[in-house]
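This report concerns only the one structure given below.
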Amino acid sequence: MTGVRRLFDEAAIAGRVRDLAREIAETFPREFTVVGLLKGSFVFVADLVRALHPLGLAPRVEFVRLSSYGCGRESSGEIRLVGDVPAGIDGRQVLLVDDIVDSGHTFAYAKSLLLEHGAERIVTCALIDKPGRREADITADLVGFTVPDVFIVGYGIDYAEQYRSLPYLGTID
Ligand code: IMP
Ligand code: MG
C-alpha cells in the first residue's frame, strides 16, 4: 500500500507470536482468560490463541473496548470504557493483550479495571512496545517488538480506521 513502509512481515510476526505463546505457556495453566483490547488487538489475539493450542492451553477469550485516540495520533490520556466489562473475570488469571503500549495509560486503566472486577492475576502482553513514550508507571510483561517513536499500522492496527487489514506491520509518516 502506498505510503506504508514495511517494518515486520508476516513471517517475522508469526515467529514472534510463537515465541510469545511459549512464554505464556510457561506461566499460565491450561485454563485462563485472554482479554484483548478492541479494536487494535483483534488480529494479534486471533493468532496468539491459535498458537497456544498446540502448547496445550485452552483460554477463554474476551474483549474490552476502550477509547482514547479518537481519529488522531496522540492519546488524550483520558481512557473511556465503551460497553461493559465481560462477566466471569472474578477469580481468573488474565492475559491482558493489546496491540501497542505507548504512553501506557490504556494498559494502566485496563489493568485496574480488571483488578476491580476481581482478576486474580494479570499478565500484560503487547505486540509492540514504544518504551520511549511511556507516561504511566507500567511495563508490558511480554512484548513482541520494541520500536522507537514511529507510527505503526497494519495487522489490526489503524490510522483513522484505515490499514487494519494489512497482513504486515508498517509505519506511516
Ligand atoms: P497508550 O494508552 O498511549 O499506551 O496507547 C495505546 C493505544 O494507542 C493502543 O491500544 C493503540 O490503539 C493506540 N496507539 C498507540 N500507538 C499507536 C500507533 O503507532 N499506531 C496506531 N495506534 C497506536
Ligand atoms: Mg488500541
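Counting starts at 1 for both ligands and their atoms, following the listed order. Nothing here was measured: the structure is a model prediction, and the numbers come from that model.
When atom types are taken as modelled, the side chain of Ser112 and the backbone of Ala108 share a donor-acceptor pair closer than 3.5 angstrom.
A continuous path of Ile, Leu, Val, Met, Phe, Trp and Tyr side chains, each step under 4.5 Å between heavy atoms, connects Leu127 with Ile24, placing both in one hydrophobic cluster.
Remark: ligand 1 atoms within the under-4.0 Å shell around heavy atoms of Asp98 are 9 (C), 10 (O). Every atom of ligand 1 is numbered from 1 in the order shown, and the set under 4.0 Å from a heavy atom of Asp158 is 21 (C). Counting atoms of ligand 1 from 1 in the listed order, those under 4.0 Å from a heavy atom of Val150 are 19 (O). Which parts of ligand 1 touch Ile157 is read off a 4.0 Å heavy-atom cut-off, strictly below it: atoms 20 (N), 21 (C), 22 (N).
Between Phe28 and Phe32, the gap from one ring centroid to the other is short of 6.0 Å.
Distances from ligand 1 to the non-hydrogen atoms of Arg134 include no value under 4.0 Å. Heavy-atom distances between Val153 and ligand 1 stay at or above 4.0 Å for every pair. The closest approach between a heavy atom of Ile128 and any atom of ligand 1 is not below 4.0 Å.
Nearest to atom 1 (P) of ligand 1 by heavy atom, out of Ser103, Ala136, Gly40, is Ser103.
Contacts classified as side chain to side chain donor-acceptor pair (under 3.5 Å) and involving residues 38-52 (residues at least two apart or in different chains) are given here: Lys39-Glu161, Asp47-Arg50, Asp47-Tyr155.
Considering both main-chain and side-chain atoms, Ile152 comes within under 3.5 Å of ligand 1 through a nitrogen or oxygen pair.
Cation-pi geometry between Arg164 and Phe42 is not met at under 6.0 angstrom from the ring centre and within 45 degrees of the axis.
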Report, one line per pair, each donor and acceptor closer than 3.5 Å where one atom sits in a side chain of residues 138-150; sequence neighbours left out.
from	atom 1	to	atom 2	distance (Å)
Asp141	OD2	Thr124	N	2.8
Asp141	OD2	Thr124	OG1	3.1

Practice problem: Dump the intermediate steps for salt bridge (charged side-chain N to carboxylate O under 4.0 Å, His left out) on Asp129 and Arg134, then the final yes or no. | Solution: CA-CA 9 Å; Asp129 188 8; Arg134 201 74 82 252; 2.6 Å; yes

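Under 4.0 angstrom from ligand 1, the non-hydrogen atoms of Lys130 all belong to its side chain.
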